[in-house]
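So you know, we letter chains A, B, ... as the sequences are listed, proteins then strands, and number each from 1.
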Number of protein chains: 2
Amino acid sequence: MSVKIKDVAELAGVSVATVSRVLSNGSVSAALKTRVEEAVAQLGYRPNLSARRLRSQLSQTVGLIVSDVRNPFFTAVSRAVEDAAYRAGMRVILCNADEDPDKEAMYLRLMQEERVSGVIFSPTSVTAGRFRPERFEFPVVMIDREGPPGLTDAVVLDNPQAGRLLVEHLIARGYRKIGGLFGNVSTTGAARRAGYEAALAQHGLPSSVRFVAPSTEAASTAVRAWLAEPDWPDALVVSNGLLLLGAVHALTEAGLSIPGDMALAGFDNDVWTGLVGHGLTVIEQPVYDIGVVAMEMLLSRLENPSLAKRKVVLNGALLERASTSGRGAAAPS
Amino acid sequence: MSVKIKDVAELAGVSVATVSRVLSNGSVSAALKTRVEEAVAQLGYRPNLSARRLRSQLSQTVGLIVSDVRNPFFTAVSRAVEDAAYRAGMRVILCNADEDPDKEAMYLRLMQEERVSGVIFSPTSVTAGRFRPERFEFPVVMIDREGPPGLTDAVVLDNPQAGRLLVEHLIARGYRKIGGLFGNVSTTGAARRAGYEAALAQHGLPSSVRFVAPSTEAASTAVRAWLAEPDWPDALVVSNGLLLLGAVHALTEAGLSIPGDMALAGFDNDVWTGLVGHGLTVIEQPVYDIGVVAMEMLLSRLENPSLAKRKVVLNGALLERASTSGRGAAAPS
DNA sequence: ATGTTGTTTGGTAACGTTTACATTCGTTTA
DNA sequence: TAAACGAATGTAAACGTTACCAAACAACAT
């Protein structure tokens, strides 16, 4: 079929071992080296990575398991992981688990079959809760969401702090009845809620939260229901970009103005958040950095497996925009 | 290291061939089959895909080369390709070539090394123009953009028709000075422009086009420059979602209203297009279908390599929204 | 000269599968 | 009853690499 190392060896008049050494920068004389390289060029030889992987027991491949690449957060992370991986001479296998624990388990098995070097994983809370890293032969770095504390590396946003930041901002702008809409499937929603609650409690304000499935539709349904109730919040904190979009849909459908009828603040600086009205106030996550850092952590763990597990916590930036422009002067507390 | 077929064979008291046959549904008696399956379960055996690929000469892997997954069009296509691939028991290797012919060549080489079964590719016009399918050992399906006619399979939008559709729509709404903004790097921009020109010519109206690099920034710069000139168009047709966003940025920065000061129509029904003002008129592409069809074409080509090359042309749907609501009654032509 | 070292090179056994071929055994057919 | 067949199983040779080991050879110190 295609040209193999043996063909190159014959044309160059050397042994296959020598060709292999030329290809992997082993010690070989300059004369032979050029002869081999010419033969490679002439035949258009390309190494067979399956054979290489089998023999060397190095897959040079990492798995990336997210819920859905169509979520802009994961899109950006994926791109970052891929850039970093290719830079390190590695391949990425992308898996969309759709927030489904069964699919997550299935993909983890697949990663085992691929004998990947490692996995970068954003698990549902179900999987996160019962995750046993020792059952896998590869290291795992959690992203966005945490696994069991201390058992795997992780890179996450400072979610409680970010939740607090949004609430403090809303309070400073004069809002007092601040609702919260959170995803019910990941640890991220819970962590953001904790920050939200803490900030409200500190100011002696009541909280009012709803949990929904992680989809735009679920969020708009929930907000629609909320609006049908006698008294809704002045302002809403929404736990991620998908849900935020659902909230916007529900509000605009109902003919309500943002922030006139209800202020809105959320997570993820997706392109569209700048285009709603005069912009939505959001916490911008360092999406690309999250991917790059995750890949770096994985590589360093591969180099040094005995390292203590690390958790990298990154900070989000508050982008203040028109959706929280305030209701007159802030009332004195 | 990890458990291999030999271990399973020993535990079950059969030969490795029998184990292999159980795993690949070969003919083996029910008694042995269950004994093997028990051994597999007990040992937690997982096949080594590198070894399997090497021996069987089947990589069960396809390459997907796009410019950037962060472009929502390619995000959706990627997700579709991955779904279809996993359904067919195949893996996907995703490559971001950033509209760079050198990177494209590099990734095509990599695909060769991976011995992929096939590649789904959205090439720049440079690579498309000089692409020689016979130089690769795998079939290639072009998506979104066409390669040399008749040399590879392809699935594309009916771009000229879509361009025409937008122009006809604008004319019907009373616009007469209709400008066009197109990407300068793919065949897609050229094809959409052709439809745009044809429709204008048919109505005896003048055309006015600009070509820009495929980025939001390039588009907004171009539109800004355009606005600085003495007379700009009533309406703008914009060749894809990235550029459309740039146009929106330029117009809102300049404090112009859409469609009051300038109407806007474009391609790609990205989430944000519904949120600008009361919505942007766009051609919605069947993004998911494009990915699924591309994968299906690839699979059928793998089954039957001698099939004549096919080009599947899909239609876009015009979503009429407020950005082209018209300037009073249409003037009689 | 001779032994000692070090650096290139070649031969070949793995790596974990699949698969062509040989073997065995039970069943049918003349 | 023997010959002929077919199904189930085992044996061993690939697949294309890498890496271990030994051989060859040059350079150097004795």
Trainee: Quick check on contacts: within residues 30-38 of chain B, what sits under 4.0 Å from DNA chain C by heavy-atom distance?
Mentor: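 Hits under 4.0 Å, by residue number: none.
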
Trainee: In whole angstroms, how far is the C1' atom of dT12(C) from the CD1 atom of I5(A)?
Mentor: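 After rounding, the reported distance stands at 14 Å.
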
Trainee: From CD of Q112(A) over to P of dG16(C), roughly how many Å is that when rounded to an integer?
Mentor: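 Going from CD in Q112(A) over to P in dG16(C) covers 13 Å.
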
Trainee: Would you call the rings of Y107(B) and Y86(A) parallel, tilted or perpendicular if under 30° counts as parallel and over 60° as perpendicular?
Mentor: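 Correct class here is perpendicular.
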
Trainee: Whether the T61(B) and E114(B) side chains hold a donor-acceptor pair (N or O, under 3.5 Å, no angle test) is what I'd like checked.
Mentor: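 No, because no side-chain N or O of T61(B) sits under 3.5 Å from a partner of the opposite role on E114(B).
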
Trainee: Round to a whole Å and report the spacing from NZ of K6(B) to C1' of dA12(D).
Mentor: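 It is 13 Å, rounded to the nearest whole Å.
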
Trainee: So do the side chains of Y288(A) and R70(B) get within less than 4.5 Å of each other, counting heavy atoms only?
Mentor: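 A side-chain contact under 4.5 Å exists here.
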
Trainee: Quick one: N48(B) CG to dG16(C) P, roughly how many Å, whole number?
Mentor: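 About 7 Å, once rounded to whole Å.
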
Trainee: Let me know the distance between CG of L23(B) and C1' of dT18(C), rounded to the nearest Å.
Mentor: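 Computing the L23(B):CG to dT18(C):C1' distance gives 11 Å.
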
Trainee: Got more than 12 heavy atoms from elsewhere within 6.0 Å of NZ, K311(B)?
Mentor: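 12 or below, so no.
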
Trainee: Of all the choices, dG16(C), dG10(D), dT18(C), which nucleotide is nearest to the side chain of T18(B) once you look at every atom?
Mentor: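 In terms of side-chain proximity for T18(B), the closest of dG16(C), dG10(D), dT18(C) is dG10(D).
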
Trainee: For the pair D100(B) (side chain) and A97(B) (backbone), establish whether a donor and an acceptor sit closer than 3.5 Å, ignoring hydrogens and angles.
Mentor: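 Absent.
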
Trainee: Would one find a side-chain N or O of Q57(A) under 4.0 angstrom from OP1 or OP2 of dT18(D)?
Mentor: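 Negative; the distance criterion is not met.
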
Trainee: Using a strict threshold of under 4.0 Å (side-chain N to carboxylate O), is an ion pair present between E146(B) and K309(B)?
Mentor: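 Salt bridge absent between K309(B) and E146(B).
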
Trainee: Between protein and nucleic acid, restricted to nucleotides 19-28 of chain D and to nitrogen or oxygen atoms under 3.5 Å apart, what atom pairs and distances do you find?
Mentor:
| from | atom 1 | to | atom 2 | distance (Å) |
| --- | --- | --- | --- | --- |
| dA19(D) | O4' | R55(A) | NH2 | 3.3 |

Trainee: In whole Å, I'd like the distance from the CD atom of E114(A) to the P atom of dC15(C).
Mentor: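 Checked: the CD to P distance equals 21 Å.
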
Trainee: Which heavy atom in K33(B) sits nearest to a heavy atom in V28(B), and how many Å separate them?
Mentor: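 Scanning both residues, the minimum pair turns out to be N-CG2, 4.1 Å.
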
Trainee: Quick check on side-chain hydrogen bond (donor to acceptor under 3.5 Å, both in side chains): which of T124(A), N96(A), D98(A) does K103(A) satisfy it with?
Mentor: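 When side-chain hydrogen bond (donor to acceptor under 3.5 Å, both in side chains) is applied between K103(A) and each of T124(A), N96(A), D98(A), only D98(A) qualifies.
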
Trainee: Expressed in angstrom and rounded to an integer, what is the separation of R52(B) atom CZ from dT18(C) atom P?
Mentor: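 Checked: the CZ to P distance equals 5 Å.
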
Trainee: Look at E99(B) together with R145(B) and state whether they make a salt bridge at an N to O cut-off of under 4.0 Å.
Mentor: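 Yes, charged N to carboxylate O under 4.0 Å.
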
Trainee: Give a yes/no answer on whether the side chain of S27(B) brings an N or O atom under 4.0 Å of OP1 or OP2 in dA7(D).
Mentor: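 Answer is no, no contact under 4.0 Å.
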
Trainee: To the nearest Å, give me how far apart CG (L49(A)) and P (dC15(D)) are.
Mentor: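 Taking CG of L49(A) and P of dC15(D), I get 18 Å after rounding.
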
